[in-house]
Each structure stands twice: as structure tokens, then as C-alpha cells.
Asks: 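Structure incoming, see below.
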Amino acid sequence: MKNIPEGEVLILLRTKGSLLSEYTGDNFQVFAVEQVASVLGLMLNTSHPQKGADYLNTLMEVFLDMELEEKNRMARNTVEFIDSQIAGVSDTLSYFENNLQSFRSSNRTYDIAAESNTVFQQITSLEAELARERFNKDYFEELKSYLQNGNFEQIIAPSGLGISDPTLNSLISSLISLQSERSNLLFSQTEASPRVRELNRKIQDASSSILELIRNLSNSAQMKINDLEIRINSINRQFSRLPSTEQNLVRIQRGRNLNESIYNYLQQRRAEAAIAMASNFAANKIVEYAQASGNPIKVKQQAIYLIFLVIGFIVPVVIIGFIVIIDNRVKDPKELESLLSMPLLAKIPQNKADSSLVVLREPRSAIAESFRALKTNISFVVPMDQKLAVAVSSTLAGEGKTFTAINLASIYALNQKKAILVSCDMFKPNAMRDFELKSKIGLSNYLSQQVDSESDIIQKTENPFLDIIYAGVIPPNPSDLLGSYRFASLVKDLKLRYDVVVLDTPPVGLISQSLEVAKHVDMILFVLRQNFSEMSFIEDINDLKTKKGIQHLYAILNGVSAKDLAYKGYNYGYYEESGKKKKIASKRT
């Protein structure tokens, strides 16, 4: 309790399992002191020597108490059984004694004639023998009940009740010994251990043998009871010839003497069992009490601090290194530019707003500035005076292609370029829900010829320079519709009517026909997302250019963190976000 302020106590609550593991197993050893001696030694390895010595001393005392308790249990069961028999006999004996005294007083009869005395002695002897046989039969029935119910601890030894059958005494003694050995084993082993299972088998065999013997002894006792009852009835017929006064006297005295003999017999057996219980002693004894040896284990605080300090550095490094190794997502924009076989036109900051219409609603935000930079960079690829058709796509959903398409079209509309946004992702018809337009008729309705005119699917927005074509209802064959002649004709007509046509196409990794759109546009913007897109996507995008020959393919990195947007040597401009003025470095190409 070192370094603990006065008045405070630390209490450590231990589970039973943790205590057993500390005081058993490798820490606890039992060994023979000498090869030929019957002395066992106990040894316990513990950090507190005196506590370990107290534990071993208590363990030995408890073991001796258990051994003595096991011996006394049988004698105690015998005494309890006899007491239950004595209680009934005592009441009956008192009854007959009172009746005998009353009869003699009222009839002035104090002696019995010779003939009645002879009959009386015969009947008394036979009834005493009959009572003992009934007592034996009751014991057999109770013993059978204990065995059938598995209550081996309640078994009473027959020798304690005067039953001298040697076979029964031997089997009962063997069963009690096996049960005692099994109880001792269960302190250190489980029911599933081979030794306990072997003892269970032996106990079951002994129990079956005793049950069979008890049936034979019970039948033999019943035959003796029947024989004695016949002989008693025969003598009773002779007794009926005696005068009525003598009959009544003999009958009362016979009952009194019978119960007195049974009472004396039970009292004798009870005294013998009580003496046996009082004289019992444990067969084993403690030769020498345990003593604490050695010094308490001292904790090396400096070593512990050093070990945990090293672990505190190594474990985080290993964990972080493991995370870095298995994390194959796009993180560094510079690394991305070095791996791409095409230009990276723009880096779009993370969108923290609830709506995708950031450019229209916050035209001076950081995101709006990044789309202005994107529009500028596109002008170096496609001249500004030329009409533009752009397809925006990605590898998987969630990388921000729809967000990019919406705001790219919006930035052209803010610059008074007549733009139209076409949602070609007919698998997600609600992608443009932020515009909150009423009509749900869209591209799928037109391509499936449910609508004849292009004007029926073009919807106006709040900005007069921006129109939208929804994806429409989900058709059964959206992939086939994108490769149809009607779609190609629609794109051609839109390029004549608008300055800028932005197509939000399905993800390339999910819809193979998405590349069909590449035939009808001037450039394809492929969107990647920081900390979301996998590095393997870069190789797939490069293959589109190198293997499939799509030359007008460009990349955009979406969801870029603020630290990766800070460039040195570029023009700075103010922008507004969340009601505050901040600065951002926007790349001008």
C-alpha cells in the first residue's frame, strides 16, 4: 500500500477463475517427500510468501475436515434414521404401559397363569422377531430408493443397524469408498475427465449389484414376515381359549414388551452409531505446517516503465504502418498527377454544404473558384468560341461525378453561356433532385419514344442560362438506350441549341455502355475522390486512354482537403464560405 494517502484503501475484486489460475496449475505443486514414504509435500509459488503459507495451511486443514466430515456423514445418517424409528416406538410403548397399569388397577390382576404365560412368551418372541424383519425390510426399501435416485450420500451402512449380511456390507462399503474418491477428484477435475468417468462407471456397476442383492434380501425378509405372521396367528388361536381377562392382560403386556424390546434394540444401535461418530478421526494428519520462504517479489519499476515506453512507441508505429500499407486509396494529389497518363485539370475542395448547387448558391465560395479554374483549364483544351460537349464520369458511384457535372454546367451559366445539364445515369433518376423541378419526365422517356419532342423533356431552372434534362423513370434497358441512334441524334441537336452540353453519365465501372457517350462529346472528365477512390482506379483510367484509344480524357480530383489546396507561386483571390472571408490558392494554367 505504498504511496497511498492516509484514509484510502485499494480493493481489487478478483473473479473465481483468476483466483483458481493463481493457486493451481504451474504455481501449485504436490510431490512425494520420499519414494517409499506416504508423506506428500505442497509448494506454492506466489508473490506474497506469507499469504501463500496461510493458504497452504488452511488448505490442509480444510482437507482433513472434509475427510472427517465424510466419515461422520454415514454415522450421522444412521443416527437420524434410528431416531425417526425411535420416535414412533416411544409413543407406542408409553401407550401400552399406561394401558397395562390401568388394566391391572381396575381388574386387580398382577400375575398370569402358567398356560397364558407360555403363550405370552411365544407370541412375544415371535413378534419381536417379526418387528426386526419389518425393520430390515424398511431399510432395504429406503436403501433401494436412495440408489435409484442417485442419493449416494444418504446411504446408511447395514452393519450400523445390525444387518450382518457380509455381501451387502462389502458392496455398500465399496460404493461409499468410490463415492468419496469421486467427490475428492471433482475438486480438481471435471465430470469429463477420464478418471471421474471411470469412477462413475464403477459406481453405477456397484449400485446395480446392490440393487439386485437388495431385491433378494427384501424378498427373503418378506417370506420371513409371512412365516412369522402365520405362526403368530396359529398361537393366537390357542390364546383365544384363555379366559377373557387373561387374554386382555396378555394382549396389553405383549404389546408393551414388544415395543420395549424394539425400543431397547434401537437405543443400543443409536448409542453404537453415536460412539462411532464421536470416535472418528481423520486418517491423514499435518506433519509440518507451511512456512514462507524467500523474499517477496520486488517490482522493477524502471524496467517496467522502459518496457511500456518502448511498447508505447513501437505499437503505434506498427499499427500506423499497417494501416498505411493496406490503405490503397488516393491521398496525395502530386502522387496522383505523377501516375496519371493524362492531365489533372482541377482539384475540387470538400463540399460541406447540404446541397450540390454550391456554385449557384455560393458563387464566391472556394468550390466556385475551383470550378472557375476548371472552366479556364478546359478553355485551353477546347477554344472558348467553340461549342462544348462534356461527359462527366467516374469508376464507381460516390466519387462526385454528378456534383461535378452540376457545378460545371452552373459555372458556365453564371458566365452567361447557354448550358444544358443532361442526367444520363438512368439508374439513379433522383440525382438532380436539388433543382426541385416538378416534372419527372426525362431522358429515358424520350429515348424509349414515349415522348416525341426534345422540348418536352427540357426543363428551365432559376438561372435563365441553365436548362436540365432529368434521367426520367428507370427503364428496363438503360444501357442499350445510351448506345441508340436516338441518343446520338439528341446530343447532336443539343450541341446546335446550346453553347455547353454537360452529360452526367453512369459510372464506367458499373455500366460498360457508358463509353458509348465518348463518341458524341469533345472531352470526358473522369472524377476521382481523395480518400475514397482506390489507386487501382488510376490504372483503369490509363487503360482507357492507352488501350481503348480515348484521347480526349482528362481527370479531376474531388473532395480535396484544405492543406492540399495551398499552392505556392500562384495568384490568390478572396472567396466567401459560411459567412466568413478566407483565402485560397487557385491554380491558373
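In what follows, residues are counted from 1 in the order of the sequence shown.
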Asks: Under 4.5 Å between any side-chain heavy atoms of R361 and S356, yes or no?
Replies: no
Asks: Please, which pairs that meet salt bridge (Lys or Arg N to Asp or Glu O under 4.0 Å) have at least one residue in residues 388-411, sequence neighbours excluded?
Replies: K401-D425, K401-D504
Asks: Is the shortest distance from a Lys or Arg side-chain nitrogen in E454 or R497 to a carboxylate oxygen in the other one below 4.0 Å?
Replies: yes
Asks: How would you list all residue pairs meeting salt bridge (Lys or Arg N to Asp or Glu O under 4.0 Å) that involve residues 469-479, not counting sequence neighbours?
Replies: none
Asks: Quick check: does any side chain N or O of R529 sit under 3.5 Å from a backbone N or O of L557, one acting as donor and the other as acceptor?
Replies: no
Asks: Which heavy-atom pair separates I441 from Y470 by the least distance, and what is that distance?
Replies: O-CB, 4.2 Å
Asks: Taking the side chain as every heavy atom from C-beta outward, state whether Y554 and L340 have any pair of such atoms under 4.5 Å apart.
Replies: no
Asks: I457 and G442: which non-hydrogen atoms are nearest, and at how many Å?
Replies: CG2-O, 3.5 Å
Asks: Are side-chain heavy atoms of V502 and V422 found at a separation under 4.5 Å?
Replies: no
Asks: Donor-acceptor pairs are to be reported for all side-chain atoms of residues 481-495 against protein atoms at under 3.5 Å, with residues two or more places apart or in another chain.
Replies:
| residue | atom | partner | partner atom | Å |
| --- | --- | --- | --- | --- |
| S484 | OG | L481 | O | 2.6 |
| S484 | OG | F487 | N | 3.4 |
| R486 | NE | Y446 | O | 2.5 |
| R486 | NH2 | Y446 | O | 3.4 |
| R486 | NH2 | V451 | O | 3.1 |

Asks: Which residue in the set T404, V392, I541 passes side-chain contact (heavy atoms from CB on, under 4.5 Å) when paired with F526?
Replies: I541
Asks: Donor-acceptor pair, distance only, cut-off 3.5 Å: does the side chain of N407 make one with the backbone of V359?
Replies: yes
Asks: What's the spacing between M342 CE and I538 CD1 if we round to 0.5 Å?
Replies: 9.5 Å
Asks: Could you report the tightest heavy-atom contact between P349 and N558, atom names first, then the distance?
Replies: O-OD1, 4.1 Å
Asks: Which residues pass the side-chain contact (heavy atoms from CB on, under 4.5 Å) test with V473, not counting sequence neighbours?
Replies: S444, N445
Asks: Keeping the roles fixed (side chain from N415, backbone from K417), state whether a donor-acceptor pair exists under 3.5 Å.
Replies: no
Asks: Please answer whether the main-chain N or O of V560 pairs with a side-chain N or O of Q350 as donor and acceptor at a distance below 3.5 Å.
Replies: no
Asks: Would one find more than 12 heavy atoms of other residues, nucleotides or ligands at under 6.0 Å from atom CD of Q551?
Replies: yes
Asks: Ignoring hydrogens and angles, tell me if any N or O in the side chain of S393 forms a donor-acceptor pair with the backbone of P506 under 3.5 Å.
Replies: yes
Asks: How long is the gap from OG on S410 to CD1 on I367, to the nearest 0.5 Å?
Replies: 12.0 Å
Asks: Among side-chain atoms of D54 and Q50, is any donor-acceptor pair under 3.5 angstrom?
Replies: yes
Asks: Can you name the nearest heavy-atom pair linking V521 to A389, along with the distance?
Replies: CB-O, 3.4 Å
Asks: Counting distance only, does the side-chain N/O of S394 pair as donor-acceptor with the main-chain N or O of P507 below 3.5 Å?
Replies: no
Asks: Please tell me if the side chains of L339 and M535 come closer than 4.5 Å, counting only heavy atoms from C-beta onward.
Replies: yes
Asks: Would you call L414 and P363 a side-chain contact if the rule is heavy atoms closer than 4.5 Å?
Replies: yes
Asks: Indicate the atoms forming the closest heavy-atom contact of L388 with I378, along with that distance.
Replies: CD2-CG2, 3.8 Å
Asks: Which value, rounded to the nearest 0.5 Å, describes the distance between L309 atom CG and I314 atom CD1?
Replies: 9.5 Å
Asks: Can you confirm whether F465 sits close enough to D499 that some side-chain heavy atom of one is under 4.5 Å from a side-chain heavy atom of the other?
Replies: no
Asks: Taking side-chain contact (heavy atoms from CB on, under 4.5 Å) as the test, write out the residues that go with S338, two or more places apart.
Replies: E335
Asks: Please tell me if the side chains of L528 and I556 come closer than 4.5 Å, counting only heavy atoms from C-beta onward.
Replies: no
Asks: How long is the span from the OG atom in S423 to the CE atom in M432, to the nearest 0.5 Å?
Replies: 4.0 Å
Asks: Decide yes or no for N351 and V358: does some side-chain heavy atom of the first lie under 4.5 Å from some side-chain heavy atom of the second?
Replies: yes
Asks: Looking at K334 and E337, does any basic side-chain N land under 4.0 Å from a carboxylate oxygen?
Replies: no
Asks: Does the pair F537 and L396 meet the rule for a side chain to side chain contact (heavy atoms under 4.5 Å, CB included), with working shown?
Replies: CA-CA 9 Å; F537 294 174; L396 295 177; 3.5 Å; yes
Asks: Could I get the full list of salt bridge (Lys or Arg N to Asp or Glu O under 4.0 Å) partners for E198, not counting sequence neighbours?
Replies: R201
Asks: Going by atom types only, do Y498 and D467 share a side-chain donor-acceptor pair under 3.5 Å?
Replies: yes
Asks: Check the surroundings of atom CD in E61: do more than 12 heavy atoms from other residues, nucleotides or ligands lie under 6.0 Å from it?
Replies: yes
Asks: What is the minimum heavy-atom distance between N463 and A413, and which atoms define it?
Replies: OD1-CB, 3.8 Å
